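The model shown is predicted, which means the values in this text are computed figures rather than measured ones.
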Amino acid sequence: MFQLLIRNVLIGGGSGAKDLVIDRGRICRIGANLEVTAQREIDGAGGYLLPGFVDAHVHLDKALTAGTFVNRSGTLDEAIRNAMELKRRFNREDLLHRGREAIKTALSHGTCSMRTHVDIDDMVGLLGIEVLLSLKEEFDGMMDLQIVAFPQSGILTTPGVKEMLEEALRMGADVLGGIPVRDISPEQHIDYLLELASRYGVPLDLHVDESDNPDDFTLPYLASEIVKTDFPYAVTVGHLCSLAAVSDEQAQRGIDLLQESGIHVMTLPLTNLYLQGRDDKGLVRRGITRVRELVDAGINLSVASDNVQDPFNPMGDFDLKKAAWLLTYLAHFPFPSQMDDLLNMVTKNPAKAIGLKDYGLEGGCRANLVLYSVNQLQNVIIKQPQPDLVISHGKIVYQGHHSKHLIT
């Protein structure tokens with residue numbers, strides 16, 4: 001007898017309702033009118049079943065702190081100053097509480113995998129890493145959580161950060177982060193991270209060109225160095241706002257380098273729309289990267305939550321459907337004609353970017369699933385429904401309808 005059977009659901013672009021069987025945390029069978037039995041059977045009522053969402057760029061250490069400081073100018077610079085003051089107040093109990101609430105909220109919206117950047121500097125030290133590693137263990141089997149050691153205040157400017165980054169990797173951080181344009185030498189920042197990541201055998205995930213200033217355009221150097229050094233591990237860049245600020249010729253060169261280097265890109269519309277273009281008058285720039293050009297070029301592009309209710313963005317709730325919905329407006333994204341591309345940006349694309357294995361809606365894939373009561377796939381974006389069911393690692397972690405709560 002199998003673990004779980006979900007009957008009468010629509011899957012992908014296939015025609016007609018299907019049944020899906022889960023056992024030992026994996027999808028083991030998919031087909032119409034399957035003659036099987038399971039310990040539990042659920043009627044999907046003709047709704048759409050999607051793979052669990054992947055929120056591949058968040059900041060759980062800062063999340064849910066929006067009431068602590070007010071960003072009066074709304075600028076990135078003031079957000080960073082406020083974040084520095086915020087970190088002076090960090091303590092283990094608060095970080096654990098906010099982290100738990102954030103992860104539970106994400107699960108209730110259908111997100112089963114997250115990658116979080118965690119600040120390392122002379123104010124907070126390795127406290128954030130310690131707490132997030134603890135939460136990773138606590139939610140093992142419910143949330144796939146990857147931890148990025150993130151030196152937001154710089155590496156070259158802050159004594160001791162190099163040593164702390166190495167210690168974070170020894171402690172179990174999965175990924176090495178960085179923010180080149182915020183250091184005294186973006187090139188040296190990148191060179192050091194490439195060397196350190198190679199030495200420890202970890203991927204890179206960098207905040208790159210988070211600015212509406214065309215002079216803040218470090219992508220060409222990063223991508224060229226990845227190609228030149230034949231860097232063997234995955235590289236992801238988040239934001240890439242300056243790509244929209246440079247000339248079309250410079251942007252095309254940057255996109256060509258992205259293709260050559262195989263870099264994955266995260267666009268973060270919620271936070272970038274809030275922070276960027278603050279000095280513009282009249283026609284205010286939208287602040288996001290060149291989404292449609294990147295999609296047309298075949299770049300692996302994802303959309304993520306980024307900051308949620310913190311000094312960088314006072315709003316948000318870890319609901320990736322909202323970020324995808326907003327992107328259709330901000331990027332003039334063709335909808336619903338390119339709806340599959342849009343949904344891939346919160347499912348398949350980020351799963352590829354962060355190296356999730358056995359991800360998707362096929363036999364053998366991990367059973368991370370979200371079910372919606374819609375009979376047209378586009379209504380997941382248009383109507384923004386709350387999930388009827390969220391399954392992570394084969395276990396029901398959220399169930400709507402008559403019992404709208406997170407099952408822990």
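Here the shortest heavy-atom pairing between Val54 and Leu320 reads O-CD1, 3.5 Å. Between Ala168 and Ile120, the shortest heavy-atom contact is CB-CD1, 3.6 Å. Closest of all the heavy-atom pairs between Met123 and Ser153 is CE-OG, 4.1 Å. Listed here is the closest heavy atom pair of Pro350 and Met345: CD-O, 3.5 Å. When every heavy atom of Ile155 is checked against every heavy atom of Asp183, the shortest pair comes out as N-OD2, 2.7 Å. Of all non-hydrogen atoms in Ser305 and Asp319, the two that sit nearest each other are OG-N, 4.5 Å.
For the residue pair Thr158 / Asp121, no side-chain donor-acceptor distance below 3.5 Å is found, with atom types taken as modelled. In summary, the side chains of Asp256 and Gln252 do present a donor paired with an acceptor at a separation below 3.5 Å, with no hydrogens or angles considered.
The closest side-chain heavy-atom distance from Leu369 to Leu361 is below 4.5 Å.
How far CD of Gln338 is from CG of Asp340: 9.5 Å, rounded to the nearest 0.5 Å. Taking CH2 of Trp325 as the reference point, atom CG of Leu342 lies at 12.0 Å (rounded to 0.5 Å). Once rounded to the nearest 0.5 Å, the distance linking CZ of Phe139 with OG of Ser392 reads 11.0 Å. Rounded to the nearest 0.5 Å, atoms CZ (Arg253) and CG (Leu219) are 10.0 Å apart. Remark: Ile288 CD1 to Leu326 CG distance equals 8.0 Å, nearest 0.5 Å. The CD1 atom of Ile103 sits 7.0 Å away from the CE atom of Met114 when rounded to the nearest 0.5 Å.
Within the structure, no pair that satisfies the ring-ring contact (aromatic ring centres under 6.0 Å, His included) test touches residues 173-206, not counting sequence neighbours. Listed by first then second residue, pairs satisfying ring-ring contact (aromatic ring centres under 6.0 Å, His included) with a partner in residues 340-364 number zero, not counting sequence neighbours. The stretch residues 75-95 participates, sequence neighbours left out, in no ring-ring contact (aromatic ring centres under 6.0 Å, His included) pair at all.
Remark: Ile184 CD1 is packed, more than 12 non-hydrogen atoms of other residues, nucleotides or ligands lying under 6.0 Å away.
A salt bridge is defined here as a Lys NZ or Arg NE, NH1 or NH2 lying under 4.0 Å from an Asp or Glu carboxylate O, and Arg170 with Glu166 meets this definition. Between Asp19 and Arg7 a salt bridge is recorded (basic side-chain N to carboxylate O distance below 4.0 Å). With salt bridges taken as basic N to acidic carboxylate O contacts below 4.0 Å, none links Asp94 and Arg89. By the 4.0 Å N-to-carboxylate-O rule, Asp144 lies too far from Arg115 to be salt-bridged with it. Glu195 and Arg199 are joined by a salt bridge, as a carboxylate oxygen and a charged side-chain nitrogen come within less than 4.0 angstrom of each other. Ion pairing between Asp119 and Lys62 holds under the 4.0 Å rule for side-chain N and carboxylate O. Remark: Asp61 does not engage Lys87 in a salt bridge, criterion side-chain N to carboxylate O under 4.0 Å.
Annotation: side-chain contact (heavy atoms from CB on, under 4.5 Å) contacts of Tyr221 (sequence neighbours excluded): Glu187, Ile190, Asp191, Glu225. The salt bridge (Lys or Arg N to Asp or Glu O under 4.0 Å) test applied to Glu293 returns Arg290, not counting sequence neighbours.
The side chain to side chain contact (heavy atoms under 4.5 Å, CB included) test with Ser261 singles out one residue from Val235, Ile226, Val237, Leu222, and that residue is Ile226.
Between His207 and His117, the two ring planes are perpendicular [angle over 60°; tilted spans 30° to 60°].
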Exercise answer: donor-acceptor pairs, residues 269-276 side-chain atoms, under 3.5 Å, sequence neighbours excluded:
residue	atom	partner	partner atom	Å
Thr271	OG1	Asp306	OD2	3.4
Thr271	OG1	Asn307	N	3.4
Asn272	OD1	His239	ND1	3.3
Asn272	ND2	His239	ND1	3.0
Gln276	OE1	Asp212	N	3.1

